[in-house]
2 protein chains.
Amino acid sequence: MPMRGDLPQLLIKTGLDLLDEEGTEGLTLRRIAARAGVSHAAPAHHFNGLPGLRTAIATQGFRSFLHELVSARDALPPDADPFLCLLAVNQAYIRFSRRRTALFRLMFDQLPTEDNDLRQAALAAYAILQDHWTPFVGDRHPASFETAIWALTHGFAALSMDRPYPPDTPVNLSSYEDALRLLVG
Amino acid sequence: MPMRGDLPQLLIKTGLDLLDEEGTEGLTLRRIAARAGVSHAAPAHHFNGLPGLRTAIATQGFRSFLHELVSARDALPPDADPFLCLLAVNQAYIRFSRRRTALFRLMFDQLPTEDNDLRQAALAAYAILQDHWTPFVGDRHPASFETAIWALTHGFAALSMDRPYPPDTPVNLSSYEDALRLLVG
DNA sequence: CGATTGGCTTTACACTGTCAAGTTGAGTGA
DNA sequence: TCACTCAACTTGACAGTGTAAAGCCAATCG
């Protein structure tokens, strides 16, 4: 495998930059290649064409996602209120979707892909989420509660990415906090 | 060459078909043109390039969306239980996202576009949703409750489109019903 | 009748992903 | 030392894409 410089990793990083800077349509094999200083066909040689590179980028995206969730958790004191922990981690989820919209969209678009690395990275991030809402299950059906709280968070993230759905209401994080309280309370 | 029925509407309908049959990447100006039996540049002449055609298709999508929500409501007897109405309409929301995934994605991708027709179509659909959850606001903060129930529904729709997020758990509609009950109860 | 205009076609161009073939260069074995 | 190998690229070509400019042509209008 590539000892020298590790071009695949450089291509993934370049793709992430391109995604953040220019959005979804900026992610192109040839642009990544040009920015990485290699020939236009080099990326396709290391990944399985554009789809392969996209899942590789999405996988790295889930790892960054995990890192931000963990950071949000570790920023609180170890004896913090469980609800504050839950809120902090879920707000990190939502902030990620707003700050890295194109990447967030790519990640969840690529999720159906049956790629092992992608699955593992996504599951690792999901495990962090699970850890924080399990204390609130109570006597409710665990699967339903899990579905509820996760769909609430993801839905809020998806809808507040670029704009609110009903263009009048400004979706803000405090209204998410209220909604979360409704659910766990 | 279509004598009757204006070409723009035919192009939109062709685009919707193409989207349903071949997914997002099947939606192409040239393919739409070919299927509609016109030259490859005809679509760009009536809409503002591909972006314009996409928002036009998304707008029509929101109109179909509205129609399905209304149909779900009208399928119940007029004296039906409010929760059953709410559930039926929201399940229609979710079914739409599963049955017409590519269109659903396009609709919410194009939503940020500052297009008046698109806004109006999206708001009309949203109004139907609002009608059904307002009876359950109770003494809660209306905006937060609205956010909660709508984010829950949209999140569930988004996550169950192609796949479950944690690839193990099969997201099904009955778990959504439970989640909805948790929220409105 | 000639001019105009709107609907569409034709042509051209830059850009995309992908494939096949070529190049290069660092290792490897005898 | 000297071919040989083989993976990492490069080069070149091709079909498909959106878009812009120009052309065509029937209907309309003054």
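Chain naming here is simple, since letters A, B, ... match the order of the sequence lines and numbering starts at 1 in each.
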Indicate for each nucleotide in nucleotides 13-21 of chain D, in 5' to 3' sequence, whether protein heavy atoms under 4.0 Å reach the base (B), only the sugar-phosphate (S), or nothing (-).
-> B---BBB--
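- Remark: side-chain polar atoms of B:H45 are not paired, donor with acceptor, to backbone N or O of B:A41 under 3.5 angstrom.
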Provide a list of protein-nucleic acid N or O atom pairs under 3.5 angstrom, restricted to nucleotides 25-27 of chain C.
none

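- One atom, CD of B:E25, and another, C1' of C:dT18, lie 15 Å apart when rounded to the nearest Å.
- Rounded to whole angstrom, the span from the NE2 atom of A:H45 across to the C1' atom of C:dA21 amounts to 13 Å.
- With a 6.0 Å radius and a threshold of 12 heavy atoms from other residues, nucleotides or ligands, A:Q120 has its CD atom at or below the threshold.
- Here the C1' atom of nucleotide C:dC8 and the CZ atom of B:F47 are 14 Å apart, to the nearest Å.
- Residue A:W150 is tested with A:F145, A:Y93, A:Y126 for a ring-ring contact (aromatic ring centres under 6.0 Å, His included); the sole match is A:Y126.
- Side chain of A:S144 to backbone of A:R140: no donor-acceptor contact under 3.5 angstrom is found.
- No donor-acceptor distance shorter than 3.5 angstrom exists from the side chain of B:D6 to the backbone of B:P8, with no hydrogens or angles considered.
- B:F156 has its ring centre no less than 6.0 Å from the ring centre of A:H154.
- A 4.5 Å side-chain heavy-atom check between A:F96 and A:L103 finds at least one atom pair inside the cut-off.
- The phosphate of D:dC9 has OP1 or OP2 within less than 4.0 Å of a side-chain N or O from A:H46.
- Between B:E68 and B:R95 there is no salt bridge, since no side-chain N of the basic residue sits under 4.0 Å from a carboxylate O of the acidic one.
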